[in-house]
Amino acid sequence: MKSENNEKGLLQGLAQSDKKAIETIYRENYNMIQSLIINNSGSADDAKDIFQETMIVLYEKVRSGTFELNCLIKTYVYSVSRRLWLKRLQQMNRYAPALENLKDTVPVDEEIEENERINNEFQVMEKAIGSLGEPCRSLLEAYYLEKKNMQDIALSFGYTNAENAKNQKYKCLMRLKKIFFAQYKNGNGNG
Amino acid sequence: MDDIKILDAVERYIRGEMTPDERLYFEQLRKTNAEVDLLVVEHTLLLQQMNRFSEWKKFKHTLQEVHIDLAEQGKIRSNKLRPKAKVVYLWKKYRRVTAIAASIAGITTLSILALVNSLTPRIKDPKYQELVRDVKVLKDTQKALDNKIKIVDKKTEEPIISTPVRYNGTGFLIDTKGLMITNAHVVKNSKNIFVQNNKGDQFKAFVVRLDVPRDVAIIKIDDDRFKSFASLPYSIRKTTSDIAEPVFTLGYPRDEIVYGEGYLSASTGFNGDTLSCQISIPANPGNSGGPIFNHNGEVIGILSAKETETEGAVFAVQSKYIYQVLEELKKSSLYKNVKVPSKSALNGLDNRQQVKKIQDFVFIVKGD
């Protein structure tokens, strides 16, 4: 019943993190994935994890700009979730049942690989930022992510002037860089 | 200082803020100086990763919110809500049947009458008893008053009670079937205990364990009208929390639930008491026994007393002692299967949403 335009609109919305679009895709697909996971020795919590990871895969995909969906969102979501769940089962060293409904899936190997790579990268960043501590973390976030200027930052963090804040930011950045690249290079070497 | 300047230049270069001349010069520098070139490459990568990471986190957060919203609206089937949904479903079904039967038999009025009859005495009951006790057992009152003066003398002012016979405090559920935590000093002198939720429904309760040294009491709701919850949204922290951690509390200094915000100010309590910790938060008599939450939705303490000389200094029993008291309780066969939620479902939500989900589980505790 859904027109192709509708699906395209949803994906565009998703790319812009539009909450309505996210909600719609979530609502229309979640129950299906939950049934899939629960029917294949998973719990509802697993279902939530897998579905949200699938949403992230789809999100990264539509944001890359090169994505063209040539099947229904439903089919895509199902395919990705199915693969993610199979992988999870294998990691847990459990017997992986042959998930049925193979005919309704599209190949998603690339996505799964890409997703794993991105997840690793984010983990590195999360660790690096996590081990920074305060106020470094907030300072860098204020400058690089919220794009505040040094004057405002000095004021809200209680530095006497912008020059001081800048010095502090520099020290923090150097620490982040050190931690980040140490792990980043390691991670790439192993992976 | 030089390094800072170079980094500055790199950042301006990446952001495209350089003048054409500067840019030309800088690009020349990149070609001749490998170090500068590496700096540019690394910095670009780092910033890119930071940006993507923050967007990724935001997106994850949105997903979490959407999940909870949809589950609450019943638009997706979620495990957390499923048992509740089943109950609601059965209840609706049951109600429909009753409604039909009632309309056919014309007993709607009768059942309302019966309902009124069955409810009224129960609500009046405690008050009625209190009155009797007030008149009859004046000595008891006197004793309670004496006790209270002793408490005040001995320690600081403990946030309890306004009238001598009635103890008022706050309590919160630790399991889905009606087991609650409050302060020992809220209930220890009471014969009858009632708890009241934020909708005004009253339930009878009794003390199952009293630990006066730790100032922890476990009470259990014992009332047919109390319906078990499907799950608790918060968990109870097993370890000590860090100083400066932002916290909030919910309690009943008046008949309405009241929210207070503050931070953990010291890891020990009054005069270095290691059982408790100090929190900077507005609290009033009646807040006693209330839960203290951190931003992950974990209970980190039980609000117990405040210092009279310092405004805003409040002491809380550390949450790990809840587990110790529980362990002792579990030795009795009746309670050996009590399960306390280990995972908070509130992680990542903002305060407003957390409070919305918590408030149904925080009760007024009334004793006489």
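Here is the naming used below: chain letters follow the sequence lines, and residue numbers restart at 1 for every chain.
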| query | B:E11 pairs by salt bridge (Lys or Arg N to Asp or Glu O under 4.0 Å) with which of A:K147, A:K166, A:K169? | reply | A:K169
| query | Of the listed residues (A:F122, A:Y59, A:Y26), which shares the most heavy-atom pairs with chain B below a 4.5 Å separation? | reply | A:F122
| remark: Applying ring pair (Phe, Tyr, Trp, His ring centres under 6.0 Å) to B:F293 and not counting sequence neighbours gives B:Y234, B:F248
Could you list the donor-acceptor pairs under 3.5 angstrom formed by side chains in residues 260-267 of chain B, with sequence neighbours left out?
| residue | atom | partner | partner atom | Å |
| --- | --- | --- | --- | --- |
| B:E261 | OE2 | B:Y259 | OH | 2.7 |
| B:E261 | OE2 | B:N351 | ND2 | 3.3 |
| B:S265 | OG | B:Q278 | O | 3.2 |

| said: Report which part of B:F53 has an atom under 4.5 Å of a heavy atom belonging to chain A: side chain, backbone, both, or neither. | reply: both
| field | Contacting region of B:Q64 [heavy-atom separation from chain A under 4.5 Å] | value | both
| Side chain, backbone, both or neither: which part of A:N119 has a heavy atom under 4.5 Å from chain B? | side chain
| remark: When the 4.5 angstrom heavy-atom criterion is applied to B:K57 and chain A, the contacting part is side chain
| said: Suppose a student defines contact as a heavy atom less than 4.5 Å from any heavy atom of chain A. Which residues in residues 37-50 of chain B would they list? | reply: B:L39, B:E42, B:H43, B:L45, B:L46, B:L47, B:Q49, B:M50
| field | Sub-6.0 Å ring centroid separation between B:F361 and B:F172 | value | no
| request: Let me know if A:E60 has heavy atoms under 4.5 Å from chain B in its side chain, its backbone, both or neither. | output: side chain
| query | Taking NZ, NE, NH1 and NH2 as the nitrogens, is one of them in A:E113 or A:R117 under 4.0 Å from a carboxylate oxygen of the other? | reply | no
| said: Suppose the criterion is salt bridge (Lys or Arg N to Asp or Glu O under 4.0 Å): which pairs have a residue in residues 344-354 of chain B, not counting sequence neighbours? | reply: B:D350-B:R352
| Do A:K48 and A:E53 sit within salt-bridge range, that is, some charged N less than 4.0 Å from a carboxylate O? | no
| Are A:E114 and A:K61 close enough for a salt bridge, meaning some N to O gap below 4.0 Å? | no
| query | A:S43 versus chain B, heavy atoms under 4.5 Å apart: side chain, backbone, both or neither? | reply | neither
| Would A:E111 and A:K87 pass as an ion pair if we require N to O under 4.0 Å? | no
| request: Using non-hydrogen atoms and a 4.5 Å limit, figure out which bit of B:E65 sits close to chain A: side chain, backbone, both or neither. | output: side chain
| query | Does the distance from a Lys or Arg side-chain N to an Asp or Glu carboxylate O, for A:K20 and A:E23, drop under 4.0 Å? | reply | no
